[in-house]
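A short write-up of the structure that comes next.
In what follows, chains carry the letters A, B, and so on, assigned in the order in which the sequence lines appear, proteins first and then strands, with residues in each chain numbered from 1.
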Amino acid sequence: MFKKILIANRGEIAVRVMRACREMGIQTVAVYSDADRTSLHVRYADEAVHIGPSPSTRSYLRIDRVIEAARRSRAEAIHPGYGFLAENPDLARACTKAGIVFIGPTAEAMELMGSKTASRHAAIASKLPVVPGTDRNLESLDEVKRLAEKIGFPVMLKAAAGGGGKGLRKVESAAELESAYRTARSEAQNAFNDPSVYLEKYIEQPRHVEIQVLGDHHGNLIYLGERECSLQRRHQKVVEECPSPLVDEDLRRRMGETAVRIAALAGYTNAGTVEFLVDRDRNFYFLEMNTRLQVEHPVTELVTGVDLVKAQLRIAAGERLTLRQEDIRMRGWAIECRIYAEDPANSFFPSPGLITYLRPPSGPGVRVDSGSYVGWRVPLEYDPLLAKLVVYGDSRASAIARLERALVEYEVSGIRTNIPFFRSVAAHPDFIAGRLDTGFIDRFLADGFPRREMPEPEAQLVAMLVAALESRREAAGAVTPVPATNAWKTGGRESLLSSWPARR
Amino acid sequence: MFKKILIANRGEIAVRVMRACREMGIQTVAVYSDADRTSLHVRYADEAVHIGPSPSTRSYLRIDRVIEAARRSRAEAIHPGYGFLAENPDLARACTKAGIVFIGPTAEAMELMGSKTASRHAAIASKLPVVPGTDRNLESLDEVKRLAEKIGFPVMLKAAAGGGGKGLRKVESAAELESAYRTARSEAQNAFNDPSVYLEKYIEQPRHVEIQVLGDHHGNLIYLGERECSLQRRHQKVVEECPSPLVDEDLRRRMGETAVRIAALAGYTNAGTVEFLVDRDRNFYFLEMNTRLQVEHPVTELVTGVDLVKAQLRIAAGERLTLRQEDIRMRGWAIECRIYAEDPANSFFPSPGLITYLRPPSGPGVRVDSGSYVGWRVPLEYDPLLAKLVVYGDSRASAIARLERALVEYEVSGIRTNIPFFRSVAAHPDFIAGRLDTGFIDRFLADGFPRREMPEPEAQLVAMLVAALESRREAAGAVTPVPATNAWKTGGRESLLSSWPARR
Amino acid sequence: MKLNFRLHAGNEVQDRALALGSLPSPRAQSGRLEIQAGGKTAQADWAEISPGTYSILLGEHSWDVRIEKQPGEAAGSATVYIVLLGARAYRLELANPRRRRRAEAAGAHEGPQEILAPMPGRIVKVLAAEGSEVQQGESLLVIEAMKMQNEIRAPRTGKVERIYVAEGAGVETGARLLRLV
Amino acid sequence: MKLNFRLHAGNEVQDRALALGSLPSPRAQSGRLEIQAGGKTAQADWAEISPGTYSILLGEHSWDVRIEKQPGEAAGSATVYIVLLGARAYRLELANPRRRRRAEAAGAHEGPQEILAPMPGRIVKVLAAEGSEVQQGESLLVIEAMKMQNEIRAPRTGKVERIYVAEGAGVETGARLLRLV
């Protein structure tokens, strides 16, 4: 096993990886930018190397500095986390060149699977199910028109180099096609410096289900059940669970075996995730492969009992998988919520700043993976993921009851978070019934947040009393976060909220 | 199932029970004394009834007030937690009389099992193994002498009504017997208002292993594996684990079946624990039965996957156990540390006061059951248990590595806790090797705390630097917790520490 | 004293009044109050647990409440709060007669309106031009913070009189962005 | 400036000196320092994370350190700290020359000694009598707090000159319990 590794990331995932290292007796090296001197991953590491100013393009995205930091600290391997350089084959190649182990798949596997069109092409060639559409970039509007007619509307235009919901465009009819094509290409150009787009059948009320795989360097490749990731906002996952309410033993086996075949096409090693869309008739279609550890890996860990980060480290060190497919048993149910520094009552605007109070939930079946602490100033420069709340119960019903309990316990001050929003989601009848699809959150938000329920009389009294008590401070001239006169009017917020579904 | 129950307790266990209730949709009623108005259990409950001034004899121990609170709030049942009235058959009887369900065994079962001599007598009558000794109170010194000679020294004198290590006396030889007998009777009189003592063979380096049982009102009685509770200080458990490193499948089955037979003698229902001493040759002897939920129940929950509090509620509501003996499977390893408000570097003196900072550990395999929060003033009046840190891993080695990791993460300011002490325990070779017995902690403390290791040069530098930085405040005249002149001298503390093993 | 509240639930709005002896001192952290609303009287035992978190005992009912003041103010210069009661969130406005009078005297509600930054960030796009007419809901500019682009929209129909910020500029919460007349 | 430390490990004791430019201001929360000890020089980047918790970068080595000042003071009027470095705890005394001089001038170390309450609690037993001779380690009185009885023992051999507290009395941390001469 490695004696020392470098973690080329920040935030909760850097801490997550370091926790595994500490438990395995592996020394850790953090890298950090100016904004992150007192961030938890720096405090948590045995060594910390400064790699540049706050913007990630000048620090966390600099392969040369990451490699140099690893060299100087004599780290034997680099764990990339997710995001930043995690799916950049150039880092994997630079590692190889520097004689450092990259904790992930080979650059070649990453390249094949990282391109949606290439991976799609490979899947089609092996007769594996993909969403009907093109398997290559579309070069003219004529071609787009012809193919869209063939597949049948609605269709989706997608950026070939895309991810994170950018460069996605749903097209309802032939009339919209020309303008949608132009916009999609221009967005793709802006976001990824590559205008290539491709076309797919739009699946109505699709569910997003993904399969976790693990492969070692000795030819063993297994799947570890599925995750349901249908709850998304702005095409970003916000709630994930394992198992999926949709998937039964048979479907799990078929999807799992397909995922393993897809991973095998690339000679895939280490942890990876094969994403599928599942339609209302439970047909599944290969979507893409994520060649890294996923944000939502804890739900799989809780249900299978396998520590995926420790497995990654062992695989990268050349060890054989000791788990065979038949050893993977699912027990219970896990649900994750991504806790963001954003204000759900104010258009989900980001909310960086000083954390002044924190009472994370705990007790039976609650896990919090966090990179924050009281006294830490959440920086403006990076994504707003503060922590992941993961609950575990013996059934979906008990996991949901626990989720609601944990969310009500979760207290954060100084900044705003989406915790109040999740409380409403956890109490929603469709969520409780497992009626999930990727449009759920948008439909939910169409009703506004806070939701349309008048409190009962006693709750009204309590709410008014607490507002009265809270107003003591203001009356006495205490600091208010925004100047009180001529402020950005609530009316504006209201209209933003009610116009929400129309926005991308 | 109940619609509303009252929890006749405070602190972490009251919150633990309320968490289960909230997840099951049961309304909760807290009771509280003057000192506990802002305690977490009051905040957590749906209703809260004030039952008296701070001393527990005038509040939490007042059966009449607890019953009256339950009546007034229309609670259908009372959960007693542990401690306070949990093993008082009078509460169970008062509940029955008031038409309220007592969440625990019957008063009769509690009485039979609550008396050590009565339960011992019953076990002997059924030919179940007990520690060699008397099965009744000893009425004269002559009788004590005769029996001690018969059993062979060393022997233990124990208070018949005892518990918590009070009224215990080890006697090495006949010469010590007379004075030990007098002291034990006088201590028993003082502590329990009952001078009765009995005599037992002293087991060398004994291990304390207990079996969890659950019985319903339909004749089903099962065991849920064992807990190892050998790490004790002042005869109080401080670290517990499940399973026991000592116990194999065969021993578990034999101890489990014995425990079920003992519980059956009393027609036992609800959750209970059968305690055994295990000697160096792995012979086990029935010691006593605890007729309530144990502090350390979470380790069993993590390893068996059974929520014991929810099981208690279902049993009390008259439901049948859905688990059969063959359904109970142990998976992984769990260890609990009891986090106390006490100062390990200062004779473990209690440390009540305001909690000014708290960063509980989290991440994979960590559970914290706590009744405290930042801004809460830990009261002087009650026992110093702040929280229970429970870790879970796939093996004992991984659980210990995780325990050390979690303890290092755990940060508490404002008051002192025994966390630094546990860090040293978790790193101790005998603990890691599973060489546990009830004398472990005393031997460990004989070396003093902090331990006898000089830091390596870089650590020395860091320690000095941090002390220098910390001294800035003092130099500037900031508040020090104790007046600086003529203070209770460190020399005193030192002598206390080095004299520690000689103290009871 | 009497405090006037407006409770919101979607489009539904209800006005309520709360009567209490007097507001506790800003320094008090706990106490008892007699409160009246809707013709009913109740005894409240309150304690401030941490900033924005209160424990309320109303009779023997226990409420653990979190309250967050929203930036800005509602029509009529009320203070806007989001109150979290267990899993539920409610929006509530506390009327401030003094402020309202001030605002009315200044004619602020009818007159020009400064649009302030609701968060710190960087201006990545200015979509409106000085002098242009904008419709309610129209995007005025885009602020980037925490890797997210956030559109600031017109709270009402009007004319952009002045734009205070340029693309690429960094802004703090509450910074003036533009002026709508 | 130079600070003198005494490091304890069981019975082993080592004296060390730390040289640094000057102590940062009590209000500073982070900074850089050049420090010297044992003939070696190091660059330290420090940040106070929360009360008693520091993040130190010594070169590129990261240390997350917790420090707790112990009540009372050591012989020679030093301040006693427990420093927690990961799983390890160390005891360390920081000499305070000014205090030492004061103490020596007053002859405090040789003369009478006030025994103070190390915790708040209730006096449940007074075991010594005024005027009695006590041996080092002998129990003087018992304080109950948090359901535990805690014996206060004589830090040295001497005579109990005065007892300030009676059985049943409540005491705060630092309250005078008795005077040893």
Output the distance between atom CG (Asn346(B)) and atom CE (Met119(D)), rounded to the nearest 0.5 Å. 8.0 Å
Would you please test Arg122(D) and Glu381(B) for side chain to side chain contact (heavy atoms under 4.5 Å, CB included) and show each step? CA-CA 10 Å; Arg122(D) 201 171 53 85; Glu381(B) 286 83 359; over 6 Å; no
When the 4.5 angstrom heavy-atom criterion is applied to Ala341(B) and chain D, the contacting part is both
Scored by heavy-atom pairs under 4.5 Å with chain D, the best of Gln460(B), Glu404(B), Arg405(B), Glu342(B) is Gln460(B)
Heavy atoms only: give me the nearest His8(D)-Met454(B) pair and the separation to one decimal. C-CE, 4.4 Å
To the nearest 0.5 Å, what is the distance between OG on Ser471(B) and CG on Leu23(D)? 5.0 Å
Side chain / backbone / both / neither for Ser351(B) at chain D, heavy atoms under 4.5 Å: backbone
Heavy-atom pair count under 4.5 Å with chain D, highest-scoring of Thr356(B), Val408(B), Val466(B), Leu461(B): Val466(B)
Identify which of Gly52(D), Ala37(D), Pro120(D) forms the greatest number of heavy-atom pairs closer than 4.5 Å to chain B. Pro120(D)
When rounded to the nearest 0.5 angstrom, what distance separates CZ in Phe349(B) from CD1 in Ile152(D)? 4.0 Å
Most heavy-atom pairs under 4.5 Å with chain B, out of Leu84(D), Ile67(D), Val83(D), Ile56(D), belong to Ile67(D)
Is Leu85(D) close to chain B through its backbone or its side chain, or both, or neither, when contacts mean heavy atoms under 4.5 Å? side chain
Do other residues, nucleotides or ligands put more than 12 heavy atoms under 6.0 Å from Arg58(B) CZ? no
Nearest 0.5 angstrom please: Leu469(B) CG to Tyr54(D) OH, how far? 5.5 Å
Roughly how far apart are Ser56(B) OG and Lys147(D) NZ, rounded to 0.5 Å? 3.5 Å
Would you mind checking which part of Pro457(B) comes under 4.5 Å of any heavy atom in chain D, side chain (CB onward), backbone (N, CA, C, O), both or neither? neither
Is Val412(B) in contact with chain D via its backbone, its side chain, both, or neither, using a 4.5 Å heavy-atom distance? backbone
Taking the side chain as every heavy atom from C-beta outward, state whether Pro420(B) and Ile82(D) have any pair of such atoms under 4.5 Å apart. no
Given the rule in the side chain to side chain contact (heavy atoms under 4.5 Å, CB included) test, do Met464(B) and Leu3(D) qualify, once you have shown the distances and angles that lead to the verdict? CA-CA 9 Å; Met464(B) 290 190 289; Leu3(D) 296 167; over 6 Å; no
Please give me the minimum heavy-atom distance between Met146(D) and Pro350(B), naming the atom from each residue. SD-CB, 3.8 Å
What are the two closest heavy atoms between Lys69(D) and Arg416(B), and how far apart are they? O-NH2, 2.7 Å
Please determine whether side chain to side chain contact (heavy atoms under 4.5 Å, CB included) holds for the pair Leu94(D) and Glu470(B), giving the CA-CA distance in whole Å, both sets of side-chain angles, and the decisive distance to 0.1 Å. CA-CA 11 Å; Leu94(D) 171 57; Glu470(B) 186 69 2; over 6 Å; no
Non-hydrogen atoms of chain B under 4.5 Å away: do they reach the side chain of Gln14(D), the backbone, both or neither? both
Quick check for you: to the nearest 0.5 Å, what is the distance between Ser413(B) atom OG and Arg66(D) atom CZ? 3.5 Å
Is chain B contacted by the side chain of Ile143(D), its backbone, both, or neither, given a heavy-atom distance below 4.5 Å? neither
Does a side-chain heavy-atom distance below 4.5 Å link Arg88(D) with Pro455(B)? no
Inspect the surroundings of CD in Gln29(D) and state if more than 12 heavy atoms from other residues, nucleotides or ligands are less than 6.0 Å away. no
Under a 4.5 Å heavy-atom cut-off, does chain D meet the side chain of Leu380(B), its backbone, both or neither? both
Side-chain (Arg472(B)) to main-chain (Ala28(D)) donor-acceptor, under 3.5 angstrom: yes
Are any of the side-chain heavy atoms of Ser347(B) and Asn150(D) separated by less than 4.5 Å? no
Quick one: of Arg359(B), Glu411(B), Glu458(B), who has the most non-hydrogen atom pairs under 4.5 Å with chain D? Glu458(B)
